[in-house]
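This report concerns only the one structure given below.
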Amino acid sequence: MKTDIYLYNSLTRQKEKFVPVEEGKVGIYVCGPTVYNHSHIGHGKSYVSFDAIVRFFRFVGYRVLYIQNITDVGHLTDNADEGDDKIEKEAKKDRVNPMAVVETFMRSYFENVDKLGVGRPDISPRATGHIIEQIELARILVSHGYAYEAGGNVYFDVSKFPDYGKLSGKKVEDLIAGARIDVRGEKHNPADFAIWKKAEAGHIMRWPSPWGEGFPGWHLECSAMSMKYLGNSFDIHGGGLDNQFPHHECEIAQSEAATGKPFVKYWLHNNMVTVNGTKMSKSLGNFVTLKDAFMKFDPTTIRFFILQSHYRSPLDYSDEAVEGAGKGLERLKNVLVQLMDLGADENARVDFENLPEEPVNLRRYYDEWLAAMADDFNTPSAIAVLFEMLKDVNSIIGTGGVVTVALASVLYAFTRALAGDVLGIIPAESQHGREVETDLIRLMIEMRADARKDKNFKLADTIRSELQKIGVVLEDKKDGTTTFKVSR
RNA sequence: GGCGACGUACCCAAGUGGUAAGGGAGAGGUCUGCAAAACCUUUAUGCGGCGGUUCGAAUCCGCCCGUCGCCUCCA
């Protein structure tokens, strides 16, 4: 590995050096969405954050197995394990099969995060595809005495698992004292949680089990699926801070009670998104879906905006802030265009072991970037390093310094690798677009150059402004040449 | 009520004991037919407030104010 990685472990509440369960490999599980609605900007933050983390692990040489589930069993909208199943509620509204609702929003989810440059997980297991594993896990818990059946429901007995609360810092007594919920009489202890639920009449999604027809409790799927693909003990489990309790706490209890082994080594939690300072909620009408956001901003800009703050910091979404981020990103992308104009080879590779120190100190910038990323994935600091490098490069270009094709190529590849491959804030496609379009634009530039020579500035300006309308921005250089960039 | 975070310039945001990164916006300048881009200069004696520890604190401690999250489905 190129470097040691330190990460903040929610379980121990401190930064720790990452030591994998198995040398050279990382097993990571991240809680995926419940697909009953369009994804919002909060989902965006979570999945972009973990995407950057996964990309970084791969960059430094780890073999990563990334699992992210799709929750396609609805679970309940209400407290006290009552209320409607969210997916079924949606299905009844539209008079369609619940699985059709799942399909619709699962596709929507992937379309959205694809646009954000989030790499697909290696495996996207679905809860309904792992009912057998979940029943088996519940069966083990019952047979080991950690869970009990009551009226067709199966509950985890919190009193049998003394470590319950170790992740969230909660005490079972406090939970009972502060309980705002009506306690189900059949539970032994108010803090006990359902791992299998009886399907009442009219409940559509149901499966046979040793306890009659029913469906799995929410927490069970993540235990069953993570351990199936990553083993009983694995490296990293991630998710939103709002899932720390009860979801992740319950996962630990179920998994460790069933296997007798430590479940997860490092817990990573990303912080939440607020909109104009307040929590997103449908009732407040400030619910920003990714679809909405993409109407106003380029998805890459949204990604950049997300990564410009730390994953463990809360992020406040506002048009003003995203606009500001977009302008900054534009500058970053612009340097690549400039380097291309200097003849940079698009396919050049960087040798990180052997970076130049003059005239741009890439050695130092790389060390700083790496240190930032290795320190709990500090993407804001890493981005700041890229901006410092950019300033250096522009300064040389702007003051007429000599940038050889070889240097331009190294700078280009360096920026592409760090900003593109790892952070994902530079889209992969060529800035200059397709050949025919490029030739056409060059033709317009020549025509405009003739107009300028004749002092026909009216025509010259018309050409420039009309091209700008279709997203082609012309820039006249000092030496009389004109370059362009495509800004969409 | 219980638990936990956070509060850094006009906006966004790093920094967890050694004297305030970075981005946006603003101001002035260089370049230019004009733009745009780029570069240079500039914008917090101060990091919510008040105390304390220390040679030294945005960073540690205490209290207060404010915001957010969790305790109930949630990324």
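To find a chain, count down the sequence lines: A is the first, B the second, and so on, and within it residues start at 1.
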The criterion is ring pair (Phe, Tyr, Trp, His ring centres under 6.0 Å); which residues satisfy it with [X], sequence neighbours excluded?
| X | answer |
| --- | --- |
| A/Tyr8 | none |
| A/Tyr366 | A/Phe352 |
| A/Phe234 | A/Phe263 |
| A/Phe414 | none |

### Task
Using the P atom on both, measure B/G18 against B/U32 and round to a whole Å.
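So the two P atoms sit 47 Å from each other.
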### Query
Under 4.0 Å between a side-chain N/O of A/Asn270 and OP1 or OP2 of B/A75, yes or no?
no
### Message
According to ring-ring contact (aromatic ring centres under 6.0 Å, His included), does anything in residues 454-476 of chain A pair up with another residue at least two apart or in another chain? List the pairs.
### Response
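Not a single pair qualifies under ring-ring contact (aromatic ring centres under 6.0 Å, His included).
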### Query
Does anything in residues 370-393 of chain A pair up under ring-ring contact (aromatic ring centres under 6.0 Å, His included), and if so which pairs, sequence neighbours excluded?
A/Phe57-A/Phe377
### Query
Is the distance between the ring centroids of A/His188 and A/Tyr155 less than 6.0 Å?
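Aromatic pair excluded; centres sit 6.0 Å or further apart.
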### Task
Please list, by residue number, the residues of residues 378-388 of chain A whose heavy atoms come closer than 4.0 Å to an atom of RNA chain B; answer none if no residue qualifies.
A/Asn378, A/Pro380, A/Ser381, A/Ala384, A/Phe387, A/Glu388
### Query
Heavy atom of residues 447-461 of chain A under 4.0 Å from RNA chain B: which residues?
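Close to the strand are A/Arg448, A/Arg452, A/Phe457, A/Asp461.
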### Message
With salt bridge (charged side-chain N to carboxylate O under 4.0 Å, His left out) as the rule and sequence neighbours excluded, what pairs involving residues 28-47 of chain A come up?
### Response
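Found none.
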